[in-house]
Amino acid sequence: MRLSQYFLPLLRENPAEAQIVSHRLMLRAGMIRQSSAGIYSWLPLGLRVLKRVEQIVREEQDRSGAQEILMPTIQPAELWRESGRYDDYGKEMLRIRDRHDREMLYGPTNEEQVTEIVRAAIQSYRDLPKNLYHIQWKFRDEVRPRFGVMRGREFLMKDAYSFDLDMAGAKHSYNKMFVAYLRTFARMGLKAIPMRAETGPIGGELSHEFIVLAETGESGVFCDKAWLARDILGQDVEYDSDLEPMYAEWTRHYAATEDVHDPAKCPVAEADLVNARGIEVGQVFNFGTKYSKPMGAVVSLADGGNVPLEMGSYGIGVSRLVGALIEANHDDNGIIWPASVAPFHVGLINIRAADAKCVAAADELYGKLRAGGVMVLYDDRDESPGAKFATMDLIGLPWQLIVGPRGVAAGTLEVKNRRTGERQDLPVEAALNRIAAP
RNA sequence: CGGGGCGUGGCGCAGUCUGGUAGCGCACCUGCUUUGGGAGCAGGAUGUCGGAGGUUCAAAUCCUCUCGCCCCGACCA
């Protein structure tokens, strides 16, 4: 993509309403535009990141055996009456009426919807287990939306729902999602710590929140300081094997949100306990038969009896992750994207748009990169070098290739690593190999 | 939902107290000169001052109502 043709409305100054760094940088880098409180349009650069995050989430869900569906954003109120949540959910649920005066709502979550689908389609224990997920926009009418996409009213969420015959099966489903989440966040270069958490209005007993430690995080958390030194999960997983040892390994060190943390019962000595703030990027719940029972989602057993389904639900805040990734990856000059989610892999800068030799060299390089399947953003604008460097640093592509008169004369170009700031003058082929390395 | 703040060109702001018909920086357009970390000069364009009502010869400015946004707290993927 040529930057001269790209829709990238950059802001040089910080918008007054943006208080935290990810919100500021997303606005300045032209990723999003606010529509109303907590509701955003995603512009080309932001959407590319959102789609890449979404795709990693999707791949890891699929790998774990979950199957993707797509449920509607608008749901009928009667489903929520069946579970009893229509009255419980309160003002956070956006309620609407259609032209026939039927009560509808914009879904804040989909337990009822998916339970209805499964109870109609699954009648026998032989059809279990199942895990269905979708990646869909949600709406929760927050009293006070803030922090850009980190706490929007409208947000993109991956929510998965598991259905099992018994508790043991449900725990295995829980473990699968637990491990899939470790892998998902690890692929984005995020250290997300699984912490014991409250179950909230979704209900149930067993729950973990996946928390990325960050000073700007909204959640207060406590964890064993051993977590700070732990590496992220880097291994493949055999999902059909017994995952209990892996679950045990990743819950070995204490970690809990402040809601469930009880100093009197905490197993960690005070000197080894970290009290920090964090961003919740995912949460897993097991809630048994809370929805299957009132909604009549049952299966027949071998002996002819019926049992309600054991259920769990598993959310990842996809749009929130984009903000969380920036909170975890930035410096004074702008964003520093991990390669796995970067909107482009490399920014190609021609610092002399008026110099025919530089233009020819940069154009040729651009063609080469595209032919090689490299996602490249080519700054071919007629701007000063400083402006181009500042732009590229702001939008945070992992690599910068800089074409200038010095290099063109010497047959080299400059390779800059955005994260380390390291620069090297290399011949073209060597430069292309350099950015291909991880 | 309690408390506070702010709405003036795309962005950041001044002007409001003390009423006289809107200004600055950045961005934008044209031209020339520039070019390795957000260039310079000259010229130019862009505003129902959030909205409605009122007071007044005259309202961004005073009064009333209203809408929106942000911050702190209580609540949440």
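Below, chain A is the first sequence line, B the second, and so on; all start at residue 1.
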Student: Could you check which of rC26(B), rG12(B), rC70(B) has an atom nearest any side-chain atom of Gln19(A)?
Tutor: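 The nucleotide sitting nearest to the side chain is rC70(B).
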
Student: How is Lys158(A) classified with respect to the nucleic acid when contacts are heavy atoms under 4.0 Å: base, sugar-phosphate, or nothing?
Tutor: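 Answer is nothing: Lys158(A) stays at 4.0 Å or more from every strand.
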
Student: For rG7(B) and rA52(B), measure between their C1' atoms and round to the nearest Å.
Tutor: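 That atom pair is separated by 16 Å.
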
Student: Across all strands shown, which nucleotide pairs with rC28(B) by Watson-Crick or G-U wobble geometry, both distances under 3.5 Å?
Tutor: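 Here rC28(B) is engaged in a pair, and the nucleotide opposite it is rG44(B).
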
Student: Counting only Watson-Crick or G-U wobble pairs whose two distances fall under 3.5 Å, which nucleotide matches rA14(B)?
Tutor: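 In the structure as shown, rA14(B) has no Watson-Crick or wobble partner.
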
Student: Mind checking who rC69(B) pairs with, Watson-Crick or G-U wobble, both distances under 3.5 Å?
Tutor: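 rC69(B) is paired with rG5(B).
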
Student: Using a 4.0 Å heavy-atom cut-off across all strands, classify Thr391(A) as base, sugar-phosphate, or nothing.
Tutor: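 Result for Thr391(A) = base.
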
Student: Would you indicate what Gly152(A) reaches in the nucleic acid, counting non-hydrogen atoms under 4.0 angstrom: base, sugar-phosphate, or nothing?
Tutor: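 Base: the residue Gly152(A), judged by heavy atoms under 4.0 Å, touches a nucleobase.
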
Student: Would you classify Asp355(A) as touching base, sugar-phosphate or nothing, given that sugar-phosphate means primed atoms plus P, OP1 and OP2, and contacts are heavy atoms under 4.0 Å?
Tutor: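 Nothing, no heavy atom under 4.0 Å.
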
Student: Tell me the partner of rA52(B), counting only Watson-Crick (N1-N3 plus N6-O4 or O6-N4) or G-U wobble (N1-O2 and O6-N3) with both under 3.5 Å; none if nothing fits.
Tutor: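 The answer is rU64(B), by the H-bond criterion.
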
Student: Measure from NE2 on His23(A) to P on rC11(B) and round the result to the nearest Å.
Tutor: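 To the nearest whole Å, that distance equals 13 Å.
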
Student: Tell me: CE of Met392(A) to P of rG36(B), nearest whole Å?
Tutor: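 Whole-Å distance recorded here is 17 Å.
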
Student: So which nucleotide does rA39(B) pair with, by the Watson-Crick or G-U wobble rule with both distances under 3.5 Å?
Tutor: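 Its partner is rU33(B).
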
Student: Distance check: side-chain N/O of Ser384(A) vs OP1/OP2 of rA39(B), anything under 4.0 Å?
Tutor: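 Affirmative; the distance criterion is met.
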
Student: Do other residues, nucleotides or ligands put more than 12 heavy atoms under 6.0 Å from Glu215(A) CD?
Tutor: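 Atom CD in Glu215(A) is not crowded, with 12 or fewer foreign heavy atoms closer than 6.0 Å.
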
Student: On the side chain of Arg28(A), is there an atom forming a donor-acceptor pair with the base of rG38(B) - under 3.5 Å, no angle test?
Tutor: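 Such a pair exists between side chain and base.
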
Student: Is the terminal nitrogen or CZ of Arg48(A) (NZ for Lys, CZ for Arg) located under 6.0 angstrom from the six-membered ring centre of Phe344(A) and within 45° of that ring's axis?
Tutor: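 Flagged: Arg48(A) positioned over aromatic ring of Phe344(A).
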
Student: Tell me which of Phe147(A) and Arg320(A) sits closer to the 5' end of RNA chain B, going by the nucleotide each one is nearest to.
Tutor: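 Mapping each residue to its closest nucleotide by heavy atoms, the 5'-most match is Phe147(A).
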
Student: Does either side chain, that of Tyr40(A) or that of Ser35(A), offer a donor lying less than 3.5 Å from an acceptor on the other one?
Tutor: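 No, Ser35(A) and Tyr40(A) have no side-chain donor paired with an acceptor closer than 3.5 Å.
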
Student: Rounded to the nearest Å, what distance is computed from the CG atom of residue Leu8(A) to the P atom of nucleotide rG38(B)?
Tutor: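 It works out to 20 Å between those atoms.
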
Student: Side chain of Glu17(A), heavy atoms from C-beta onward: which of rC70(B), rG36(B), rC75(B) has the nearest atom to it?
Tutor: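 The listed nucleotide nearest to Glu17(A)'s side chain is rC70(B).
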
Student: Provide, to the nearest angstrom, the distance between the CD atom belonging to Glu383(A) and the P atom belonging to rC26(B).
Tutor: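 Rounded to the whole Å, the gap is 15 Å.
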
Student: If we call it a pair only when both distances are under 3.5 Å in a Watson-Crick or G-U wobble match, what pairs with rC57(B)?
Tutor: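 With both distances under 3.5 Å, rC57(B) matches rG20(B).
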
Student: For the residue pair Lys171(A) and Tyr247(A), would you count it as a cation-pi contact if the rule is NZ or CZ under 6.0 angstrom from the ring centre and within 45 degrees of the ring axis?
Tutor: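 Here Lys171(A) passes the 6.0 Å and 45° test against Tyr247(A).
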
Student: Taking any heavy-atom pair under 4.0 Å as a contact, classify Gly315(A): base, sugar-phosphate, or nothing.
Tutor: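 Nothing, no nucleic acid heavy atom in range.
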
Student: Report the distance from atom CZ of Arg144(A) to atom P of rA74(B), rounded to the nearest whole Å.
Tutor: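 Whole-Å distance recorded here is 10 Å.
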
Student: Would you say Lys388(A) reaches rG36(B)'s phosphate, i.e. side-chain N/O to OP1/OP2 under 4.0 Å?
Tutor: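 Checking rG36(B) against Lys388(A), no side-chain N or O comes under 4.0 Å of OP1 or OP2.
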
Student: Does Asn350(A) offer a backbone N or O that forms a donor-acceptor pair with the side chain of Lys388(A) under 3.5 Å?
Tutor: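 Flag set: sc Lys388(A) to bb Asn350(A) pair under 3.5 Å.
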
Student: Measure from NZ or CZ of Arg95(A) to the centre of the six-membered ring of Trp80(A), then state whether that distance is under 6.0 Å and the direction lies within 45° of the axis.
Tutor: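 Geometry flag: not set, cation outside 6.0 Å or 45°.
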
Student: Please determine whether a side-chain nitrogen or oxygen atom of Arg12(A) lies at a distance below 4.0 Å from atom OP1 or OP2 of rG38(B).
Tutor: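 So the side-chain polar atoms of Arg12(A) never come under 4.0 Å of the phosphate oxygens OP1 or OP2 of rG38(B).
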
Student: Does OP1 or OP2 of rG68(B) have a side-chain N or O of Gln34(A) closer than 4.0 Å?
Tutor: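 No, outside the criterion.
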
Student: Could you check Glu414(A) against Leu156(A) and say which one's nearest nucleotide on RNA chain B is further toward the 5' end?
Tutor: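 Here Glu414(A) is the residue nearer the 5' end.
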
Student: Which of these nucleotides, rC69(B), rA74(B), rG38(B), is closest to any side-chain atom of Arg146(A)?
Tutor: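 Out of rC69(B), rA74(B), rG38(B), the nucleotide with an atom closest to Arg146(A)'s side chain is rA74(B).
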
